[in-house]
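The structure presented is a predicted model; accordingly, all values stated were derived computationally and were not measured. Heavy atoms only: backbone and side chains are in, while hydrogens, waters and symmetry mates are out. Order of appearance sets the numbers: ligands from 1, and atoms from 1 within every ligand.
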Amino acid sequence: MEEIVWKPSYSVGVPSLDEQHKQLVSMLNLLLSHSEATVRSEAISELLTRMTKYALNHFKTEEELMEKYAYPELSVHKQEHKTYRLKVAALCQETMDHKALVPEELRQYLMGWWINHILKTDMKYRSFFMERGVT
Ligand SMILES: [Fe+2]
């Protein structure tokens with residue numbers, strides 16, 4: 001799996017959200033670069049915990065902005081976040097309980113989900129937030 005290199009075309013038009021997306025991407029890349037480290041290592045358990053917390057906080061930021069501006073696709077968007085939360089919680093639990101290394105399935109899910117979510121679902125709010133001057 002290749003690391004994600006941030007491109008201007010990934011921008012969702014809201015600087016604060018772009019900043020959070022960049023942080024998430026750098027954590028994903030860190031996870032890839034540690035593919036040989038065991039799940040028990042502090043680097044990995046700490047990273048998974050940090051990523052999970054960061055993602056929750058990021059979803060909260062997005063959802064609060066969508067609520068504040070009455071974004072029409074809020075409920076669909078929220079549902080996608082929820083699906084991610086449940087899936088990642090289950091995969092992380094499974095990993096910590098039964099795996100020695102971070103499984104390919106978890107890495108692929110994380111990389112695939114974020115890229116797809118940012119480029120397809122988040123992009124849909126780009127013009128909506130930009131028209132309202134959200135920063
Ligand atoms: Fe989102």
Side-chain angles (χ1 to χ4, degrees):
M1 228 178 295
E2 303 235 337
E3 78 162 33
I4 303 169
V5 180
W6 185 267
K7 299 183 194 73
S9 62
Y10 293 171
S11 170
V12 294
V14 180
S16 57
L17 297 177
D18 280 342
E19 196 44 53
Q20 293 182 347
H21 284 153
K22 283 180 192 167
Q23 291 291 328
L24 282 156
V25 163
S26 75
M27 286 185 243
L28 288 171
N29 287 336
L30 204 55
L31 188 68
L32 280 194
S33 69
H34 280 78
S35 58
E36 304 305 317
T38 75
V39 166
R40 304 277 162 253
S41 71
E42 215 163 297
I44 293 300
S45 55
E46 195 266 340
L47 181 58
L48 289 177
T49 308
R50 193 153 54 93
M51 272 192 65
T52 301
K53 281 192 191 153
Y54 200 92
L56 294 189
N57 181 58
H58 168 66
F59 292 158
K60 192 165 167 267
T61 311
E62 265 188 6
E63 289 171 13
E64 281 174 358
L65 281 175
M66 289 184 224
E67 269 161 31
K68 183 176 173 190
Y69 291 91
Y71 179 61
E73 292 189 57
L74 168 69
S75 68
V76 184
H77 201 123
K78 259 183 153 173
Q79 189 56 47
E80 261 192 47
H81 289 169
K82 188 179 176 189
T83 304
Y84 173 92
R85 282 202 303 272
L86 295 175
K87 177 79 176 173
V88 172
L91 283 174
C92 282
Q93 191 65 55
E94 164 81 9
T95 300
M96 300 312 276
D97 291 349
H98 303 290
K99 309 282 185 198
L101 300 174
V102 174
E104 186 69 13
E105 187 193 2
L106 177 55
R107 273 183 280 139
Q108 280 198 353
Y109 185 81
L110 289 170
M111 301 301 269
W113 192 89
W114 280 104
I115 286 302
N116 183 65
H117 184 77
I118 293 172
L119 296 184
K120 295 206 174 114
T121 312
D122 288 344
M123 273 317 157
K124 288 187 186 168
Y125 62 56
R126 192 175 198 277
S127 55
F128 181 88
F129 279 160
M130 285 182 85
E131 280 161 16
R132 285 154 183 82
V134 180
T135 57

Any idea how Y84 and F59 line up, ring-wise: parallel (<30°), tilted (30 to 60°), or perpendicular (>60°)?
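The arrangement is perpendicular - the two ring planes meet at more than 60°.
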
Backbone or side-chain N/O/S of E80 under 2.8 Å of the Fe ion (ligand 1)
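Under 2.8 Å: E80 has no N, O or S contact with the Fe ion (ligand 1).
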
Using 2.8 Å as the threshold, say whether any N, O or S atom from H77 sits that close to the Fe ion (ligand 1).
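Yes - counting backbone and side chain alike, H77 has an N, O or S atom under 2.8 Å.
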
Tell me, which N, O or S atom in D122 is closest to the Fe ion (ligand 1)?
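Of all N, O or S atoms in D122, the Fe ion (ligand 1) lies closest to OD1.
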
Which atom of E62 approaches the Fe ion (ligand 1) most closely (N/O/S)
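Distance check against the Fe ion (ligand 1) picks out OE1 in E62.
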
Name the one of H81, R85, M51 that satisfies side-chain contact (heavy atoms from CB on, under 4.5 Å) with L56?
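So, applying the side-chain contact (heavy atoms from CB on, under 4.5 Å) to L56 and each of H81, R85, M51, only R85 qualifies.
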
Heavy-atom pair with the smallest gap, counting every atom of R126 and V12:
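Scanning both residues completely, I find the closest heavy atoms to be CG-O, 3.3 Å.
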
Do I44 and L31 have side-chain heavy atoms sitting under 4.5 Å apart?
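Yes. Closest side-chain heavy atoms under 4.5 Å.
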
